Participant: 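I have a structure I would like to understand better, so I am pasting it below and will then ask my questions one at a time.
Sequence positions, counted from 1, serve as the residue numbers for this chain. FYI, side chains are in, hydrogens and waters are out, and symmetry mates aren't considered; it's all heavy atoms of this structure. From a predicted model like this one, the values you see are computed outputs, not experimental measurements. One-based numbering, in listed order, for ligands and for the atoms of each.
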Amino acid sequence: MNKKHLKLPLLIILIILTISLFSGCTNQKIELDGVEIREYQGERLNSINDFRENSIKGPQYLEKDNYTLTISGLATTPQYYSYDQLLTLFTSYTKVVILDCVEGWRVRILWDGILVKDIVQTAQPNQTANTVIFRAYDGYSTSLPLDYITENNILLAYKMNNITLPPERGFPFQLVAESKWGYKWIKWVTEIELTDDENYRGFWEQRGYSNSGNLNESFFEPK
Ligand SMILES: Nc1nc2c(c(=O)[nH]1)N[C@H]1C(S)=C(S)[C@@H](COP(=O)(O)O)O[C@H]1N2
Ligand SMILES: [Mo]
């Protein structure tokens, strides 16, 4: 073959390489604002990149400066908190918790967050409030018993593996609903509503997933 004949195959290979580079053939990594830790107290942790993105409307991009968390419903003093207020007014806690999705994957992550019960207390819930409805920026919602949240010190997380939650993972806050299926781990939380409606059903619960969401039970509602 002379030089002229080599040019076309080379050009084709170059085009294929360029297309695959820009079309996601390469593993799409989330940009992080630091180095995530992968081990905590002798335990291996999963990576922020081990999650599968399966949110109802894809990743949401909330701005820290425009963010408000509303505490509403059956409460004497509804509250509105900015991102900075939440991180300065409330004590932070750390725990390693595994998220299990109904699709069959799980991730073990170190979470930093504030206690939902601390935030809720500042709104002075009525005696009749027994359920907490969480609402998110993408229209998603879910609910959990107030007792579950209080007794298990449930976190509203702002960091995972020591890094601020990236948009894809729920910035500014994801609920760490330990011992519950992944669909209870609401991301991009914007509202916490106190109610006496124990039968409220969130996005996936309306579509047949169990309202308790207990990991040790089937996620399909027993009929
Ligand atoms: N706002 C919102 N939160 C959500 C969802 C969603 O679609 N929207 N999906 C849930 C489901 S089904 C799972 S398994 C977890 C997964 O978290 P990840 O998307 O960060 O992997 O997020 C949960 N939180
Ligand atoms: Mo899920």
Side-chain angles (χ1 to χ4, degrees), residues 24 27-33 36-38 45-64 66-72 83 86 95-114 116 119 132-144 148-149 152 154-193 200-221:
N27 199 9
Q28 279 197 0
K29 287 268 157 67
I30 293 175
E31 259 183 61
L32 307 175
D33 76 342
E36 62 171 327
I37 64 159
R38 297 297 306 281
L45 300 168
N46 283 101
S47 164
I48 295 175
N49 282 300
D50 291 342
F51 288 68
R52 261 183 247 168
E53 173 42 53
N54 58 4
S55 308
I56 54 163
K57 290 184 182 158
Q60 303 293 306
Y61 298 87
L62 279 75
E63 275 178 50
K64 178 173 130 42
N66 297 336
Y67 177 79
T68 307
L69 178 69
T70 303
I71 322 300
S72 63
Y83 182 79
L86 287 165
K95 48 182 159 177
V96 174
V97 188
I98 296 171
L99 181 155
D100 279 89
C101 177
V102 297
E103 289 175 338
W105 52 269
R106 53 177 7 206
V107 283
R108 180 199 295 273
I109 297 285
L110 172 70
W111 304 95
D112 282 340
I114 49 185
V116 176
I119 308 169
V132 184
I133 301 172
F134 296 86
R135 298 182 205 280
Y137 194 70
D138 58 351
Y140 193 85
S141 71
T142 192
S143 64
L144 288 161
Y148 157 83
I149 280 164
N152 298 290
I154 295 307
L155 291 183
L156 199 56
Y158 58 89
K159 273 189 177 188
M160 52 198 296
N161 291 354
N162 225 8
I163 284 175
T164 303
L165 296 192
E168 296 84 346
R169 295 281 84 81
F171 179 85
F173 296 104
Q174 178 172 32
L175 190 72
V176 180
E178 54 189 280
S179 70
K180 303 284 183 184
W181 287 106
Y183 59 87
K184 293 284 181 184
W185 295 54
I186 185 169
K187 302 188 283 186
W188 309 297
V189 180
T190 55
E191 186 177 355
I192 297 177
E193 182 190 329
Y200 176 88
R201 299 187 84 90
F203 183 88
W204 285 117
E205 293 89 336
Q206 278 173 42
R207 290 160 177 78
Y209 284 4
S210 87
N211 212 15
S212 78
N214 286 335
L215 263 183
N216 59 2
E217 292 161 19
S218 162
F219 51 87
F220 289 116
E221 197 89 285

Participant: Are Lys159 and Glu36 close enough for a salt bridge, meaning some N to O gap below 4.0 Å?
Facilitator: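 Result for this pair is no, no salt bridge flagged.
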Participant: Relative to each other, are the rings of Phe173 and Tyr67 parallel, tilted or perpendicular (30° and 60° limits)?
Facilitator: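 Because their plane-to-plane angle lies in the 30° to 60° range, the rings of Phe173 and Tyr67 count as tilted.
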Participant: Test the Arg207-Tyr209 pair against the cation-pi criterion, namely NZ or CZ under 6.0 angstrom from the six-membered ring centroid and within 45° of the ring axis.
Facilitator: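 Here Arg207 fails the 6.0 Å and 45° test against Tyr209.
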Participant: Apply side chain to side chain contact (heavy atoms under 4.5 Å, CB included) to residues Asp138 and Trp188 and explain how you reach the verdict.
Facilitator: CA-CA 8 Å; Asp138 58 351; Trp188 309 297; 3.5 Å; yes
Participant: List, for ligand 1, each N/O atom that has a protein N/O partner under 3.5 Å away, with both atom names and the distance.
Facilitator:
unit_1	atom_1	unit_2	atom_2	d
ligand 1	1 (N)	Asp138	OD1	2.9
ligand 1	1 (N)	Asp138	OD2	3.2
ligand 1	1 (N)	Lys187	O	3.0
ligand 1	3 (N)	Lys187	N	3.0
ligand 1	7 (O)	Ile56	N	2.8
ligand 1	8 (N)	Asp138	OD2	2.8
ligand 1	19 (O)	Lys187	NZ	2.3
ligand 1	20 (O)	Arg169	NE	2.8
ligand 1	20 (O)	Arg169	NH2	3.4
ligand 1	20 (O)	Lys187	NZ	3.1
ligand 1	21 (O)	Arg52	O	3.1
ligand 1	24 (N)	Trp185	O	2.9

Participant: Can you list, pair by pair, the side-chain donor-acceptor contacts under 3.5 Å of residues 175-183, counting residues two or more places apart and other chains?
Facilitator:
unit_1	atom_1	unit_2	atom_2	d
Glu178	OE2	Lys95	NZ	2.6
Lys180	NZ	Ser212	O	3.1
Lys180	NZ	Asn214	OD1	2.6
Trp181	NE1	Asn214	O	3.1
Trp181	NE1	Glu217	O	3.2
Tyr183	OH	Ser210	N	3.3
Tyr183	OH	Ser210	O	2.8
Tyr183	OH	Ser210	OG	3.3

Participant: Between Glu168 and Lys187, does any NZ, NE, NH1 or NH2 come within less than 4.0 Å of an OD or OE carboxylate oxygen?
Facilitator: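 The answer is no: the pair does not qualify as a salt bridge.
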